[in-house]
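In what follows, every chain begins at residue 1, and chains take the letters A, B, ... in the order their sequences are listed.
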Protein chains: 2
Amino acid sequence: MSALEYTPYVADCPSRQLLDRIGDRWSVLTIGSLVDGPQRYSTIANRVEGVSQKMLTQTLRALERDGLVTRTVFPEIPPHVEYELTDRGRSLRNVLEPLERWATEHMDDVAESRAEYDAR
Amino acid sequence: MSALEYTPYVADCPSRQLLDRIGDRWSVLTIGSLVDGPQRYSTIANRVEGVSQKMLTQTLRALERDGLVTRTVFPEIPPHVEYELTDRGRSLRNVLEPLERWATEHMDDVAESRAEYDAR
DNA sequence: CGGAATCCCGTCGGATACTG
DNA sequence: CAGTATCCGACGGGATTCCG
């Protein structure tokens with residue numbers, strides 16, 4: 001019932017900050033790159049084109065802190081680190097995937113609307 | 001078929017910019033404030049607590065440009081402007097609502113994870 | 001009432017260099 | 001390989017002022 005008291009429309013409600021985090025550019029793509037199982041840091045970096053290592057590390061740390069991904073270090077040389085979605089992370093992915101799909105499916109229509117808007 | 005060629009994981013793909021826009025903090029809340037029909041500017045401003053008038057206007061313009069909301073000016077004094085979701089806007093809302101709900105429903109769990117993470 | 005325009009500061013985030 | 005640390009420029013976004 002406590003969840004019903006949260007609403008992101010209120011400025012200082014914690015759910016607004018959470019919404020910011022999970023709607024974040026790199027968070028969405030990072031989580032998406034983990035859908036098909038655990039991945040190494042370098043693999044994620046390759047999948048999420050254009051992300052700097054600073055932002056990727058920062059994003060992964062935040063996701064780990066929020067209990068959305070786990071970080072596993074294999075004591076090897078050279079280092080080997082794997083990131084994996086938790087159950088909670090997967091449940092979030094389930095609502096992010098439609099968003100990602102919406103973006104790709106409506107890209108053409110949006111581009112058309114933009115052209116019309118800019119023309120007038 | 002063209003939609004299949006878009007993927008936000010590629011740096012310069014237009015869908016990435018679109019994903020940024022629609023995942024944006026103010027965009028999500030602004031769209032959400034329009035679910036129950038057309039609203040005046042001031043009403044939206046009140047519902048989305050903490051939004052500055054600059055950001056609200058900017059957000060509404062972007063949403064209008066992308067064909068997600070319509071802007072209707074009533075020639076009255078004082079001015080009267082109403083914003084309303086388009087069909088496309090409503091389809092987007094349908095995928096944003098689960099995201100918003102996820103944030104409120106998992107807020108407690110996430111807060112707990114954060115506390116644990118920070119403690120160690 | 002619903003903006004537009006300007007100023008200005010904070011932080012986001014990229015580039016670079018270094019390390020276990 | 002998987003980071004950390006530092007520097008620093010760009011710009012997001014708030015506060016303020018003015019307008020039709």
Please check if the side chain of A/Thr57 supplies one atom and the backbone of A/Gln53 the other of a donor-acceptor pair under 3.5 Å. yes

How about A/Pro8 and B/Thr104: do any of their side-chain heavy atoms sit closer than 4.5 Å? yes

Any idea which heavy atoms bring A/Tyr9 and B/Gly32 closest together, and the distance? OH-CA, 3.1 Å

For the pair B/Arg90 and B/Glu97, find out whether any cationic side-chain nitrogen is under 4.0 Å from an anionic carboxylate oxygen. no

Side chains of B/Arg16 and B/Val10, heavy atoms from C-beta outward: is any pair under 4.5 Å? no

Hey, could you give me the CG/CD1 distance between A/Leu63 and A/Ile22, rounded to the nearest 0.5 Å? 10.5 Å

If the cut-off is 4.0 Å, is A/Arg71 near the phosphate of D/dA2, judged by side-chain N/O to OP1 or OP2? no

Is A/Arg21 paired with A/Asp24 through a side-chain N to carboxylate O contact shorter than 4.0 Å? no

Contact class for A/Phe74 vs. all strands (heavy atom < 4.0 Å): base, sugar-phosphate, or nothing? nothing

Quick one: list whatever passes side-chain contact (heavy atoms from CB on, under 4.5 Å) with B/Val95, sequence neighbours left out. A/Pro98, A/Leu99, A/Trp102, B/Leu92

Considering all heavy atoms of both residues, which atom of B/Asp66 and which atom of A/Arg114 are nearest to each other, and what is their separation? OD1-NE, 2.5 Å

All N/O pairs under 3.5 Å across the protein-nucleotides 18-20 of chain C interface:
none

Donor-acceptor pair, side chain of A/Ser33 and main chain of A/Ile44, under 3.5 angstrom: no

Interface with DNA chain C, restricted to residues 13-42 of chain B and to heavy atoms under 4.0 Å: B/Arg40, B/Tyr41, B/Ser42

Atom CD of A/Glu64 to atom P of D/dA2: distance rounded to whole Å? 15 Å

So for the helix from C/dC1-D/dG20 to C/dG20-D/dC1, with five pairs setting each end axis, what is the inter-axis angle to 10°? 50°

Which of residues 44-61 of chain B sit near DNA chain D, with a heavy atom under 4.0 Å from it? B/Ser52, B/Gln53, B/Lys54, B/Met55

Residue pair B/Leu60 / B/Tyr41, side-chain heavy-atom distance below 4.5 Å: yes

Residues forming a side-chain contact (heavy atoms from CB on, under 4.5 Å) with A/Gln17, sequence neighbours excluded: none

Using a cut-off of strictly less than 4.0 Å, decide whether A/Tyr83 has a side-chain nitrogen or oxygen near OP1 or OP2 of D/dC1. no

pair A/Arg47-A/Gln39: side-chain heavy atoms closer than 4.5 Å: yes

